[in-house]
Asks: 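Okay, handing you the structure first.
Both counts, for ligands and for their atoms, begin at 1 and track the order of listing. Hydrogens, waters and symmetry mates play no part in the numbers below; they use all other heavy atoms, side chains included.
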Amino acid sequence: MSCKVVVLISGSGSNLQALLDTTAQADAPFSVCAVISNKAEAYGLNRATQAGIPGIVVDHRSFPNRGAFDQALIKEIDQHKPSLVVLAGFMRILTPEFVRHYGGRLINIHPSLLPKYQGLNTHQRALEAGDKTHGVTVHFVTEELDGGPSIVQAIVPIKEGDTPALLAKRVQRQEHTIYPMAVSWFAQQRLQMADDRVLLDGELLPHCGVQISA
Ligand code: GAR
């Protein structure tokens, strides 16, 4: 049976699309059973509808605080009984209670080579620092924001004359490769988080995870 995945989004959902495209392949090891957005206007909800998948809005502004929102989110997610919860451009900070509830089965994609540039404006920060390389990380989520152990990173060279927008575009191309790859590994039961480290096929990965050069 294919592994059921719930995807949380806040925006365009291009990573969601990459996951949906993977599920359209005959041998896909996972399926997306629901897409949940904290924003009704998120374009990714249209992508879910197009794929015939329920697109659900849980608007954070309808709740008195972060804890109440996260509890409502848990209630919604758990109705779909997913094996994995995938954050794909979900721009909300999650409570420790939420993270603990999905311990070892909650993953995120962040547009930097973590632990560098946690938080926002990562492309601009990499350019301002004069870095030669930048990239993207898929990681398990722990209680530390953008701090969980890495599963896979794609390294993207920074080119002469790069702008944040140009760099973001090249990084996103890699996002769309490595996120379906990591979700497939999890679905095939090849991936595990143990004591804040990641095991792939039973082997402990280095702190950076698997590294791929674009
Ligand atoms: C992606 O670039 C992802 O790396 C980033 O949001 C974008 C969502 O794009 N995530 C974060 O910054 C999380 N801290 P998408 O909606 O087109 O998939």
Side-chain angles (χ1 to χ4, degrees), residues 5-23 30 32 34-51 53 55-58 60 66 70 73 84-95 98-99 102 106-128 131 133-156 158 162-183 208-212 214:
V5 173
V6 167
V7 182
L8 304 193
I9 60 165
S10 299
S12 137
S14 69
N15 280 286
L16 165 67
Q17 190 64 56
L19 295 168
L20 292 173
D21 291 348
T22 305
T23 64
F30 65 91
V32 176
V35 173
I36 304 176
S37 172
N38 64 312
K39 292 188 170 176
E41 67 276 20
Y43 181 71
L45 289 169
N46 299 339
R47 300 182 192 268
T49 307
Q50 289 269 318
I53 290 161
I56 299 147
V57 179
V58 183
H60 60 279
R66 209 179 278 287
D70 279 11
L73 207 51
L84 179 68
V85 178
V86 170
L87 307 177
F90 186 66
M91 303 309 269
R92 298 291 304 166
I93 294 174
L94 296 162
T95 54
F98 183 97
V99 173
Y102 297 108
L106 177 63
I107 65 174
N108 181 43
I109 191 156
H110 181 78
S112 77
L113 296 173
L114 290 172
K116 268 189 155 175
Y117 311 128
Q118 296 164 331
L120 299 174
N121 303 319
T122 57
H123 309 300
Q124 188 173 340
R125 286 157 69 199
L127 287 172
E128 280 170 4
D131 290 356
T133 57
H134 183 47
V136 52
T137 305
V138 175
H139 64 95
F140 279 107
V141 176
T142 59
E143 290 176 35
E144 188 195 342
L145 181 67
D146 296 330
S150 287
I151 299 165
V152 52
Q153 292 190 323
I155 301 171
V156 175
I158 293 182
D162 255 345
T163 62
L166 283 172
L167 188 53
K169 217 169 170 182
R170 291 209 312 286
V171 168
Q172 272 227 327
R173 211 170 298 142
Q174 297 307 313
E175 296 189 8
H176 302 157
T177 301
I178 67 168
Y179 220 4
M181 186 188 285
V183 173
C208 58
V210 173
Q211 277 197 328
I212 291 169

Asks: Hey, is CD on Gln50 packed in by over 12 heavy atoms from elsewhere, all under 6.0 Å?
Replies: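 Atom CD in Gln50 is not crowded, with 12 or fewer foreign heavy atoms closer than 6.0 Å.
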Asks: I'd like to know whether ligand 1 has Met91 as a neighbour, heavy-atom separation below 4.0 Å.
Replies: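 For ligand 1, residue contact (heavy atoms, under 4.0 Å) with Met91 is present.
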Asks: At less than 4.0 angstrom from any non-hydrogen atom of Gly89, what atoms of ligand 1 do you find?
Replies: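 Every atom of ligand 1 under 4.0 Å from some heavy atom of Gly89: 6 (O), 8 (C).
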Asks: Cut-off 3.5 Å, side chains only: do Gln172 and Ser14 have a donor facing an acceptor?
Replies: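 Checked: Gln172/Ser14 side chains pair up, N/O donor to acceptor below 3.5 Å.
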Asks: Which heavy atom of the protein is the closest neighbour of atom 16 (O) of ligand 1, given with residue, atom name and distance?
Replies: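 I find the closest protein heavy atom is Gly13 N, 2.7 Å.
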Asks: Is it true that Asp131 and Arg125 make a salt bridge, defined as a side-chain N closer than 4.0 Å to a carboxylate O?
Replies: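 Arg125 and Asp131: not salt-bridged.
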Asks: For His110 and His139, test the side chains for any donor-to-acceptor distance below 3.5 angstrom and give the result as yes or no.
Replies: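 Side chains of His110 and His139: no pair found under 3.5 Å.
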Asks: Under a 4.0 Å threshold between the charged nitrogen and the carboxylate oxygen, would Asp70 count as salt-bridged to Arg92?
Replies: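 A salt bridge is absent here (no side-chain N lies under 4.0 Å from a carboxylate O).
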Asks: Can you tell me the protein heavy atom closest to atom 7 (C) of ligand 1 and the distance?
Replies: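 For atom 7 (C) of ligand 1, the nearest protein heavy atom is Gln172 NE2, 3.9 Å.
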Asks: Quick one: does Ser10's side chain have a donor or acceptor within less than 3.5 Å of a partner on Met91's backbone?
Replies: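 Judged by distance alone, yes, a pair lies under 3.5 Å.
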Asks: Below 3.5 Å, N or O to N or O, backbone or side chain included: is there any such pair between Asn108 and ligand 1?
Replies: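 The answer is no, given that Asn108 and ligand 1 share no N or O pair closer than 3.5 Å.
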Asks: Examine ligand 1 and decide if any of its atoms is less than 4.0 Å from a heavy atom belonging to Ile109.
Replies: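 Under 4.0 Å: yes for Ile109.
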Asks: In ligand 1, which numbered atoms sit nearer than 4.0 Å to a non-hydrogen atom of Glu175?
Replies: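 Counting atoms of ligand 1 from 1, those under 4.0 Å from Glu175 are 1 (C), 2 (O), 3 (C), 4 (O).
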Asks: Among all protein non-hydrogen atoms, which one is nearest to atom 17 (O) of ligand 1, and what is the separation to 0.1 Å?
Replies: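 The protein heavy atom lying closest is Ser14 OG, 2.6 Å.
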Asks: In terms of atom number and element, which parts of ligand 1 are under 4.0 angstrom from non-hydrogen atoms of Pro111?
Replies: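 Counting atoms of ligand 1 from 1, those under 4.0 Å from Pro111 are 4 (O), 5 (C), 10 (N), 11 (C), 12 (O).
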Asks: Give a yes-or-no answer on whether the side chains of Asn108 and Tyr179 include a donor-acceptor pair shorter than 3.5 Å.
Replies: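 The answer is no; no qualifying pair exists.
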Asks: Give the residue, atom name and distance (to 0.1 Å) of the protein heavy atom nearest atom 14 (N) of ligand 1.
Replies: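 Here the nearest protein heavy atom works out to His110 ND1, 3.2 Å.
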